[in-house]
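One structure is given below, encoded as C-alpha coordinates.
Labels below follow one simple rule: chain letters A, B, ... track the order of the sequence lines, proteins then strands, and each chain is numbered from 1.
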Amino acid sequence: VRRFVRDNGLAIFFGVAFLAALAGQAIAGHIAYNAEQVAHGEEAISFGRYLTSSNFGQAVMENWQSEYLQFTLFIVATVWLVQRGSPESKKVEEAGTEGDRKQRIGPWAGRGAPKWARVADWRTAIFGNSLLIVMGAIFLLSLFAQSVTGWNEYNDQQIQHHSEAVSWLTYVGTADFWQDALQNWQSEFLAVGSMVVFSIFLRQRGSPESKPVGAPNGKTDVQG
Amino acid sequence: VTDGARQLAIVRAMFVIYMGGIAAGLAYFIVIGLTHH
(Lines give C-alpha, C1' and ligand atoms only; values in the text may rest on other atoms or scores of the structure.)
Protein backbone atom coordinates (compact mmCIF):
# COMPACT_ATOMS: atom_id res chain seq x y z
CA VAL A 1 0.00 0.00 0.00
CA ARG A 2 2.82 2.40 0.87
CA ARG A 3 4.43 1.75 -2.48
CA PHE A 4 1.08 2.24 -4.25
CA VAL A 5 0.66 5.63 -2.59
CA ARG A 6 4.24 6.66 -3.40
CA ASP A 7 4.03 5.54 -7.04
CA ASN A 8 0.72 7.33 -7.62
CA GLY A 9 1.09 10.35 -5.34
CA LEU A 10 0.15 12.98 -7.92
CA ALA A 11 -3.01 11.24 -9.14
CA ILE A 12 -4.13 10.41 -5.58
CA PHE A 13 -3.38 13.88 -4.18
CA PHE A 14 -5.23 15.76 -6.92
CA GLY A 15 -8.10 13.25 -7.01
CA VAL A 16 -8.69 13.56 -3.27
CA ALA A 17 -8.26 17.36 -3.34
CA PHE A 18 -10.81 17.52 -6.17
CA LEU A 19 -13.40 15.49 -4.25
CA ALA A 20 -12.88 17.53 -1.06
CA ALA A 21 -13.18 20.85 -2.90
CA LEU A 22 -16.26 19.64 -4.80
CA ALA A 23 -17.90 18.57 -1.53
CA GLY A 24 -17.06 21.95 0.00
CA GLN A 25 -18.46 23.74 -3.03
CA ALA A 26 -21.70 21.71 -2.78
CA ILE A 27 -22.13 22.50 0.93
CA ALA A 28 -21.37 26.22 0.56
CA GLY A 29 -23.42 26.43 -2.66
CA HIS A 30 -26.43 24.84 -0.94
CA ILE A 31 -26.27 27.33 1.95
CA ALA A 32 -25.87 30.30 -0.42
CA TYR A 33 -28.69 29.08 -2.68
CA ASN A 34 -31.12 28.72 0.23
CA ALA A 35 -30.18 32.13 1.66
CA GLU A 36 -31.08 33.59 -1.73
CA GLN A 37 -34.36 31.64 -1.83
CA VAL A 38 -35.38 32.83 1.64
CA ALA A 39 -34.45 36.43 0.78
CA HIS A 40 -36.85 36.22 -2.18
CA GLY A 41 -39.60 34.75 0.01
CA GLU A 42 -39.28 31.30 -1.57
CA GLU A 43 -38.87 27.85 -0.07
CA ALA A 44 -35.47 26.41 0.85
CA ILE A 45 -34.50 23.16 -0.92
CA SER A 46 -32.89 19.97 0.45
CA PHE A 47 -29.21 19.18 -0.08
CA GLY A 48 -30.15 16.28 -2.35
CA ARG A 49 -32.30 18.53 -4.48
CA TYR A 50 -29.45 21.06 -4.70
CA LEU A 51 -27.04 18.38 -5.96
CA THR A 52 -29.38 17.73 -8.90
CA SER A 53 -30.00 21.43 -9.60
CA SER A 54 -28.87 23.39 -12.62
CA ASN A 55 -27.52 26.00 -10.21
CA PHE A 56 -24.95 23.51 -8.87
CA GLY A 57 -24.34 22.07 -12.34
CA GLN A 58 -23.59 25.43 -13.88
CA ALA A 59 -21.19 26.37 -11.10
CA VAL A 60 -19.23 23.12 -11.53
CA MET A 61 -19.25 22.96 -15.34
CA GLU A 62 -18.28 26.60 -15.81
CA ASN A 63 -14.96 25.93 -14.11
CA TRP A 64 -14.39 22.55 -15.74
CA GLN A 65 -14.70 23.93 -19.24
CA SER A 66 -12.21 26.71 -18.64
CA GLU A 67 -9.61 24.38 -17.11
CA TYR A 68 -9.88 21.93 -20.00
CA LEU A 69 -9.74 24.77 -22.51
CA GLN A 70 -6.55 25.95 -20.83
CA PHE A 71 -4.85 22.55 -21.07
CA THR A 72 -6.19 21.87 -24.57
CA LEU A 73 -4.77 25.17 -25.84
CA PHE A 74 -1.52 24.65 -23.97
CA ILE A 75 -1.07 21.20 -25.53
CA VAL A 76 -1.71 22.45 -29.09
CA ALA A 77 0.05 25.82 -28.74
CA THR A 78 3.27 24.24 -27.45
CA VAL A 79 3.48 22.14 -30.63
CA TRP A 80 3.82 25.23 -32.82
CA LEU A 81 4.81 28.08 -30.51
CA VAL A 82 7.96 28.26 -28.41
CA GLN A 83 9.24 30.53 -25.67
CA ARG A 84 12.97 31.07 -25.52
CA GLY A 85 14.25 30.33 -22.01
CA SER A 86 11.11 28.56 -20.73
CA PRO A 87 11.19 24.96 -19.43
CA GLU A 88 7.54 24.71 -20.60
CA SER A 89 8.71 25.15 -24.20
CA LYS A 90 10.70 22.91 -26.48
CA LYS A 91 13.81 24.17 -28.27
CA VAL A 92 13.15 27.14 -30.56
CA GLU A 93 14.25 25.25 -33.69
CA GLU A 94 11.96 22.26 -32.97
CA ALA A 95 8.58 24.01 -33.48
CA GLY A 96 6.04 21.81 -35.29
CA THR A 97 4.92 18.17 -35.15
CA GLU A 98 8.48 16.81 -35.66
CA GLY A 99 9.65 13.88 -37.81
CA ASP A 100 8.60 10.24 -37.42
CA ARG A 101 12.09 9.25 -36.27
CA LYS A 102 12.11 11.78 -33.42
CA GLN A 103 8.54 10.80 -32.46
CA ARG A 104 9.48 7.08 -32.68
CA ILE A 105 6.65 6.17 -35.05
CA GLY A 106 6.36 3.19 -37.42
CA PRO A 107 9.80 1.69 -38.23
CA TRP A 108 11.38 3.87 -35.50
CA ALA A 109 9.05 2.56 -32.78
CA GLY A 110 11.23 0.87 -30.19
CA ARG A 111 10.62 -2.11 -27.93
CA GLY A 112 7.65 -1.48 -25.66
CA ALA A 113 6.15 1.16 -27.98
CA PRO A 114 2.32 1.24 -27.95
CA LYS A 115 0.85 -0.80 -30.82
CA TRP A 116 -0.86 2.22 -32.41
CA ALA A 117 2.52 4.01 -32.63
CA ARG A 118 4.04 1.03 -34.45
CA VAL A 119 1.34 0.38 -37.10
CA ALA A 120 1.96 3.65 -39.03
CA ASP A 121 -1.56 4.07 -40.46
CA TRP A 122 -4.69 6.05 -39.47
CA ARG A 123 -4.48 4.60 -35.95
CA THR A 124 -1.10 6.27 -35.47
CA ALA A 125 -2.60 9.62 -36.51
CA ILE A 126 -5.37 9.23 -33.92
CA PHE A 127 -3.06 7.99 -31.18
CA GLY A 128 -0.58 10.76 -32.00
CA ASN A 129 -3.26 13.36 -31.20
CA SER A 130 -5.22 11.44 -28.56
CA LEU A 131 -4.34 13.71 -25.62
CA LEU A 132 -5.54 16.75 -27.54
CA ILE A 133 -8.67 14.91 -28.75
CA VAL A 134 -9.72 13.79 -25.26
CA MET A 135 -8.93 17.09 -23.48
CA GLY A 136 -10.68 19.03 -26.28
CA ALA A 137 -13.73 16.74 -26.09
CA ILE A 138 -13.98 17.25 -22.32
CA PHE A 139 -13.76 21.03 -22.90
CA LEU A 140 -16.57 20.98 -25.49
CA LEU A 141 -18.81 18.68 -23.42
CA SER A 142 -18.37 20.71 -20.23
CA LEU A 143 -19.01 23.93 -22.17
CA PHE A 144 -22.21 22.31 -23.47
CA ALA A 145 -23.15 21.19 -19.93
CA GLN A 146 -22.55 24.74 -18.69
CA SER A 147 -24.77 26.08 -21.47
CA VAL A 148 -27.75 23.82 -20.72
CA THR A 149 -27.60 24.22 -16.93
CA GLY A 150 -26.99 27.97 -17.29
CA TRP A 151 -29.94 28.13 -19.69
CA ASN A 152 -32.27 26.68 -17.01
CA GLU A 153 -30.96 29.12 -14.44
CA TYR A 154 -31.37 32.02 -16.86
CA ASN A 155 -34.96 31.06 -17.64
CA ASP A 156 -35.77 30.72 -13.92
CA GLN A 157 -34.59 34.31 -13.51
CA GLN A 158 -36.59 35.41 -16.54
CA ILE A 159 -39.78 33.89 -15.13
CA GLN A 160 -39.14 35.37 -11.65
CA HIS A 161 -38.83 38.77 -13.29
CA HIS A 162 -41.99 38.19 -15.34
CA SER A 163 -40.06 38.00 -18.63
CA GLU A 164 -40.29 35.41 -21.41
CA ALA A 165 -38.22 32.21 -21.23
CA VAL A 166 -35.68 31.99 -24.09
CA SER A 167 -34.48 29.13 -26.33
CA TRP A 168 -31.09 27.47 -25.76
CA LEU A 169 -29.74 29.10 -28.91
CA THR A 170 -30.84 32.53 -27.70
CA TYR A 171 -29.22 31.86 -24.32
CA VAL A 172 -25.81 31.00 -25.81
CA GLY A 173 -25.92 34.35 -27.58
CA THR A 174 -26.54 36.31 -24.37
CA ALA A 175 -23.95 38.46 -22.63
CA ASP A 176 -24.85 36.47 -19.50
CA PHE A 177 -23.46 33.22 -20.95
CA TRP A 178 -20.34 34.83 -22.40
CA GLN A 179 -19.53 36.73 -19.24
CA ASP A 180 -19.56 33.42 -17.33
CA ALA A 181 -17.28 31.79 -19.90
CA LEU A 182 -14.85 34.66 -20.44
CA GLN A 183 -14.39 35.52 -16.77
CA ASN A 184 -12.93 32.04 -16.36
CA TRP A 185 -10.90 32.06 -19.58
CA GLN A 186 -9.10 35.32 -18.86
CA SER A 187 -7.69 34.01 -15.58
CA GLU A 188 -6.57 30.72 -17.16
CA PHE A 189 -4.74 32.49 -20.00
CA LEU A 190 -3.00 34.85 -17.59
CA ALA A 191 -1.92 31.97 -15.33
CA VAL A 192 -0.49 29.96 -18.26
CA GLY A 193 1.24 32.99 -19.79
CA SER A 194 2.82 33.97 -16.49
CA MET A 195 3.94 30.38 -15.80
CA VAL A 196 5.68 30.30 -19.20
CA VAL A 197 7.39 33.67 -18.69
CA PHE A 198 8.16 33.45 -14.96
CA SER A 199 9.79 30.02 -15.35
CA ILE A 200 12.47 31.60 -17.56
CA PHE A 201 13.94 33.49 -14.60
CA LEU A 202 12.44 31.83 -11.51
CA ARG A 203 13.04 28.28 -10.17
CA GLN A 204 11.45 25.65 -7.99
CA ARG A 205 14.08 23.26 -6.79
CA GLY A 206 12.98 19.68 -7.49
CA SER A 207 10.00 20.45 -9.72
CA PRO A 208 9.86 19.17 -13.31
CA GLU A 209 7.88 22.34 -14.09
CA SER A 210 11.08 24.30 -13.40
CA LYS A 211 14.59 24.25 -14.78
CA PRO A 212 17.31 23.04 -12.43
CA VAL A 213 18.19 25.87 -10.04
CA GLY A 214 21.60 26.36 -11.65
CA ALA A 215 20.43 26.20 -15.30
CA PRO A 216 21.15 29.36 -17.32
CA ASN A 217 18.20 31.75 -17.79
CA GLY A 218 18.63 31.68 -21.57
CA LYS A 219 18.36 27.90 -21.84
CA THR A 220 15.11 26.49 -23.29
CA ASP A 221 13.70 22.93 -22.87
CA VAL A 222 15.49 21.86 -19.70
CA GLN A 223 13.68 20.26 -16.79
CA GLY A 224 14.74 20.07 -13.16
CA VAL B 1 2.74 -11.55 -13.11
CA THR B 2 5.91 -9.44 -13.21
CA ASP B 3 6.37 -6.35 -11.06
CA GLY B 4 6.36 -4.10 -14.14
CA ALA B 5 3.06 -5.58 -15.36
CA ARG B 6 1.48 -5.02 -11.93
CA GLN B 7 2.64 -1.40 -11.86
CA LEU B 8 1.21 -0.86 -15.34
CA ALA B 9 -2.13 -2.40 -14.29
CA ILE B 10 -2.29 0.03 -11.36
CA VAL B 11 -1.65 3.13 -13.47
CA ARG B 12 -4.13 1.83 -16.05
CA ALA B 13 -6.73 1.56 -13.25
CA MET B 14 -5.92 5.18 -12.28
CA PHE B 15 -6.50 6.20 -15.91
CA VAL B 16 -9.86 4.41 -16.01
CA ILE B 17 -10.96 5.96 -12.69
CA TYR B 18 -10.16 9.50 -13.88
CA MET B 19 -11.65 8.99 -17.35
CA GLY B 20 -14.76 7.24 -15.99
CA GLY B 21 -15.31 9.81 -13.27
CA ILE B 22 -15.05 12.71 -15.71
CA ALA B 23 -17.37 11.03 -18.25
CA ALA B 24 -19.90 10.30 -15.49
CA GLY B 25 -19.72 13.90 -14.24
CA LEU B 26 -20.25 15.32 -17.72
CA ALA B 27 -23.16 12.96 -18.44
CA TYR B 28 -24.73 13.74 -15.05
CA PHE B 29 -24.76 17.51 -15.56
CA ILE B 30 -25.78 17.32 -19.23
CA VAL B 31 -28.80 15.20 -18.23
CA ILE B 32 -29.65 17.65 -15.43
CA GLY B 33 -29.44 20.55 -17.87
CA LEU B 34 -31.46 18.86 -20.61
CA THR B 35 -34.19 17.64 -18.26
CA HIS B 36 -34.75 21.17 -16.91
CA HIS B 37 -33.80 20.55 -13.31
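Pairs passing the ring-ring contact (aromatic ring centres under 6.0 Å, His included) check and including a residue from residues 109-139 of chain A, sequence neighbours excluded, read A/Trp116-A/Trp122.
Counted within 6.0 Å of OH on B/Tyr28, heavy atoms from surrounding residues, nucleotides or ligands total more than 12; the atom is thus considered enclosed. Crowding of B/Phe15 atom CZ: a count of heavy atoms from other residues, nucleotides or ligands under 6.0 Å not exceeding 12. The neighbour count for A/Glu43 CD, taken as heavy atoms of other residues, nucleotides or ligands under 6.0 Å away, does not exceed 12. Other residues, nucleotides and ligands place more than 12 heavy atoms under 6.0 Å from the CZ atom of A/Arg123.
A/Leu51 touches chain B through backbone and side chain together, each having a heavy atom under 4.5 Å away. Neither the backbone nor the side chain of A/Trp168 has a heavy atom closer than 4.5 Å to any heavy atom of chain B.
Residues B/Met19 and A/Val134 are in side-chain contact: their nearest non-hydrogen atoms beyond the backbone lie under 4.5 Å apart. Side chains of B/Phe29 and A/Leu141 form no contact here, defined as non-hydrogen atoms less than 4.5 Å apart. The closest side-chain heavy-atom distance from B/Ile32 to A/Ser53 is not below 4.5 Å. Using a 4.5 Å heavy-atom threshold, the side chains of B/Ile22 and A/Tyr68 count as touching.
B/Leu34 contributes atom CG, which lies 7.5 Å from atom CH2 of A/Trp151 (distance to the nearest 0.5 angstrom).
For a heavy-atom cut-off of 4.5 Å, chain A lies close to B/Gln7, B/Ile10, B/Val11 in residues 4-13 of chain B.
For A/Thr72, there are no side chain to side chain donor-acceptor pair (under 3.5 Å) partners two or more places apart in sequence or in a different chain.
Across all non-hydrogen atoms, the minimal contact from B/Gly33 to A/Asn152 is O-ND2, 2.9 Å.
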Would you list the atom pairs, donor with acceptor, under 3.5 Å between side chains in residues 1-30 of chain A and any protein atom, with sequence neighbours excluded?
unit_1, atom_1, unit_2, atom_2, d
A/Arg3, NH1, B/Asp3, OD2, 3.4
A/Arg3, NH2, B/Asp3, OD2, 2.9
A/Asn8, ND2, A/Phe4, O, 2.9
A/His30, NE2, A/Asn34, ND2, 3.1
A/His30, NE2, A/Ile45, O, 2.8
A/His30, NE2, A/Phe47, N, 3.4

